[in-house]
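Not measured: the values here are computed from a predicted model. Quick note on labels: first sequence line is chain A, next is B, and so on, each numbered from 1.
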Amino acid sequence: MGEKILMKGNEVIAEAALRAGCRHYFGYPITPQTEIAHYFAKKMPQYGGTFIQAESEVAAMNMVYGAASAGARVMTSSSSPGISLKQEAISYSACAELPAVIVNIVRAGPGLGGILASQCDYFQATKGGGHGDYRMVVLAPSSVQELYELVVEAFNIADRYRTLCMIMGDGMLGQMMEAVEFRDSEDICEADKSWAVTGTGMKRDHNIITSIYIDPEVLEKHNQKLQEKYRKIAENETRVEVYNCDDADIIVAAYGTVARIIKNVIKTAEKEGIRVGLIRPVTLWPFPTAAFEKYAQVPQAFLSVEMSAGQMVEDVRLAVNGKRPVHFLGRTGGMIPTQKEILEKIREILK
Amino acid sequence: MAQTDMIFSGFGGQGIQSAGRLIAYAGMLEDKHVSFLPSYGPEMRGGTSNCHVIVSDEPVGSPILNSATVVMAMNRPSMDKFESYLEPGGILLIDSSLINREPVRKDIKVFAIPATQIASDMGNLAFANIVMLGKLIKETGVVSTENFERALKKVLPERKHYLIPDEMKALKTGMDY
Amino acid sequence: MAIVFQRPHALRDTEMHYCPGCTHGIVHRMVAEVIDELGIEGTTIGVSPVGCAYNNYLYFNCDMVQAAHGRAPAVATGIKRVHPDNVVFTYQGDGDLAAIGTAEIVHAANRGEKITTIFINNAIYGMTSGQMAPTTLIGQVTTTSPFGRKPEIEGYPLNVCEMLSTLKGAAYVERVSTHDIKNIRNAKKAIKKAFQVQMAGLGFSIVEVLSTCPTNWGIDPVKALKWVEEKMIPQYPLGNFRGKDLEV
Ligand SMILES: Cc1ncc(C[n+]2csc(CCOP(=O)(O)OP(=O)(O)O)c2C)c(N)n1
Ligand code: SF4
Ligand SMILES: [Mg+2]
């Protein structure tokens, strides 16, 4: 480990990508994540890589489709409205099994909405914002240090499974500065990319990257192959932080920056004699269902706290499967749930 | 557990963000846990700018503050907005060259420093934020002057390092005011 | 004298949010004056962009619609086809019109869509804090071209009027500037004619206005006006590209 430095979340994302061997970045400016592009614009030339400010997010994501087809480690980043525009190429990339990393520093929607922190894109990210039966891995860091570690991991997961991997943060995480400690070198998975288009060199049969399968039987087979891959990812790559859950009176489900607020709540509640547990999904897909199943009978109730009108709570309900009541507290529009209102809600539930 | 929750606020251009960043950096150099959260977006344009800084012995929970133990206000709108954020016994530092109203709260400690005037007398208006930080460090002890100086070296670009002795003088002036 | 500074009726009595020295405000005023002079406030529908002018629906007194980034010409098309007798205009920046919305503007022009576009070319993305725009000049430093725009990497400044003037549907195409009084007068004339072309049903009309962004150019407002004159005009020559002699 090197020395600790104080860095902005967005810049850490770009730095982590460079350390993970990403040399191709395509993006389009949008608040609150544009510092990612600024950082690449400054640093990429030193690495001999490519930074392109595309004409749109549609183009940027299709540039990713091209670069990933060509076998490169590639990344794009945006915020909610821009991520909506990427959905076409996301669906195509998923079908063509292209590895790439997409960062969404979520802002409040719908529509042009606002620029403040939100978690309102949970459904879009985990249930398929584009068309078709596909999944992508969604990682939700809650600190700048974890942002670094998960960006590196995202590239490895993408390559290992030939899948898209999304880093989902929010405006707060992108804009805040925290201490980060970079490793001297990264563990980079050396994936076989013999499928990539590189030119046959007249030495092999041609490689094809495509997402069109006109024959229904062939397309169904391809879908089965994708589903098998997603099953494997769910088995191997589910990540979760379980905190203070043994003997908890109530277990809160929260991810990203909201989970940090819950950690404050846990301390304050303790003083009142209330034991609050936290299950923090680190992968939003695959969802850590097992952690909820394991603790389903422990608390009196569950509470999902989100910066949304109620999205992850649906997965929490499915996982808890009726064994305990599952409550919800959410703020929208860029408003952030306060310790005070969360505590009040907890007291009310436990009454 | 010791934790200092600070809000810095003023006009864009008064060095609010760099003041917050310097304290966060110095806190990190003290081996404390720190977070720095700036206000961002169009509201920064010409208007007020603020940031939330936490320096703590334990990992920082929420980086966003709903209340603070220290507020440093460098203009009137900032004081109007953030005075109410202070916890009882909290510290309010105001630039009295630019703020002419008395605080409403009676349950807080108030330090009025004519920082802009002092900086202007020193010949560099850009030091006003550092003068304020001098008082902040003196009254809170949140970071040491040594680590503050080390933070200056980290935060300022190399070509501005020649300013550090004067910045430290501004800090000292604020401490002694 | 006071009469000169009277606020046009089509401009609401609201303080604008633009930075000091930004010419967005001047262009709003000219558009509003033209709407007043043509007596069309009651039939005009404007479309706001995504850019610093995103909320100019608050400033114009006519009906207004806010569009997604770059899509204003498509939104305006929808409005115009529903209300062919109304006057429909879009107000768009250079990121909005010449990057993400290139397809929409080209096809609206090519269809000869009877709408008017006011196109603010300030050679930068203002709203998102100073990234390169398609119109950024060679060598110009921006947050995403920190070493200056290089044609081998970022391509060349996009001359929108020249490009659109190759399209038959584009009836009126003119580039104007805001850097001094004389040019502001010309700009207003062009804006008026563009609306008249639409009202005469002659086809698509666009006025490109060279504008300042002192904030993201990092210079004071006076220097910014000079920069328009000395740096922008050589790349973006002023004048009419199509429809000069149209009778309206
Ligand atoms: C789909 C989408 N992508 C990106 C953005 C972010 N965005 C807001 S304004 C803007 C650029 C504005 O630049 P320009 O059109 O030149 O207008 P100016 O601010 O310079 O007047 C961008 C990229 C967005 N709102 N929506
Ligand atoms: S950022 Fe630039 S374009 Fe936007 S209001 Fe300010 S000066 Fe005008
Ligand atoms: Mg612009």
Side-chain angles (χ1 to χ4, degrees), chain A residues 8 10-11 14 23-63 76-88 105 107 109-115 171 174-175, chain C residues 47-57 65-72 74-75 93-106 124-136 140-158 160 163 216:
Chain A
K8 203 183 193 75
N10 282 336
E11 296 189 338
R23 295 292 176 270
H24 299 273
Y25 170 88
F26 307 100
Y28 187 80
I30 185 166
T31 311
Q33 62 78 51
T34 308
E35 294 83 2
I36 299 174
H38 295 178
Y39 196 87
F40 277 125
K42 244 188 256 149
K43 292 284 170 97
M44 232 11 148
Q46 273 163 248
Y47 291 84
T50 312
F51 161 79
I52 290 186
Q53 181 183 320
E55 66 273 30
S56 69
E57 293 87 349
V58 175
M61 190 60 208
N62 281 286
M63 290 173 188
T76 185
S77 66
S78 190
S79 177
S80 311
I83 297 291
S84 291
L85 286 178
K86 292 184 195 289
Q87 295 301 331
E88 173 190 65
I105 299 298
R107 57 190 243 180
L112 195 50
I115 55 172
Q175 293 295 325
Chain C
V47 184
S48 306
V50 175
C52 277
Y54 75 99
N55 63 351
N56 68 3
Y57 48 76
V65 174
Q66 209 288 323
H69 196 24
R71 317 300 178 211
V75 173
D94 43 9
D96 195 78
L97 180 141
I100 195 166
T102 322
E104 282 77 3
I105 196 67
V106 166
I124 205 146
Y125 284 30
M127 173 87 166
T128 42
S129 69
Q131 292 82 18
M132 191 188 72
T135 47
T136 290
Q140 189 183 334
V141 171
T142 70
T143 48
T144 49
S145 59
F147 310 107
R149 182 179 191 167
K150 294 192 189 72
E152 16 0 319
I153 299 169
E154 287 107 2
Y156 297 87
L158 197 70
V160 169
M163 181 174 77
N216 288 300

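- The interface of residues 56-63 of chain A with chain C, defined by heavy-atom distances below 4.5 Å, comprises A:Ser56, A:Glu57.
- At a 4.5 Å heavy-atom cutoff, A:Pro32 makes no contact with chain C through either its backbone or its side chain.
- For A:Leu85, the part lying near chain C is the side chain, with the backbone staying farther off; criterion is any non-hydrogen pair under 4.5 Å.
- Contact between A:Gln33 and A:Ser77 at its shortest, heavy atoms only, is OE1-OG, 2.6 Å.
- Every residue meeting the side chain to side chain donor-acceptor pair (under 3.5 Å) condition with C:Gln131, not counting sequence neighbours, appears here in chain and number order: A:His38, C:Thr128.
- No donor-acceptor pair closer than 3.5 Å links the side chain of C:Asp96 to the backbone N or O of C:Pro49.
- A side-chain donor-acceptor contact under 3.5 Å links A:Thr34 to the backbone of A:Ile30.
- For C:Tyr125, the ring pair (Phe, Tyr, Trp, His ring centres under 6.0 Å) partners two or more places apart in sequence, or in a different chain, are A:Tyr28.
- Residue pairs meeting the side-chain hydrogen bond (donor to acceptor under 3.5 Å, both in side chains) criterion with at least one member in residues 148-157 of chain C, sequence neighbours excluded, do not occur.
- Checking side-chain atoms of A:Arg107 against main-chain N and O of A:Ser80 turns up no donor-acceptor pair under 3.5 Å.
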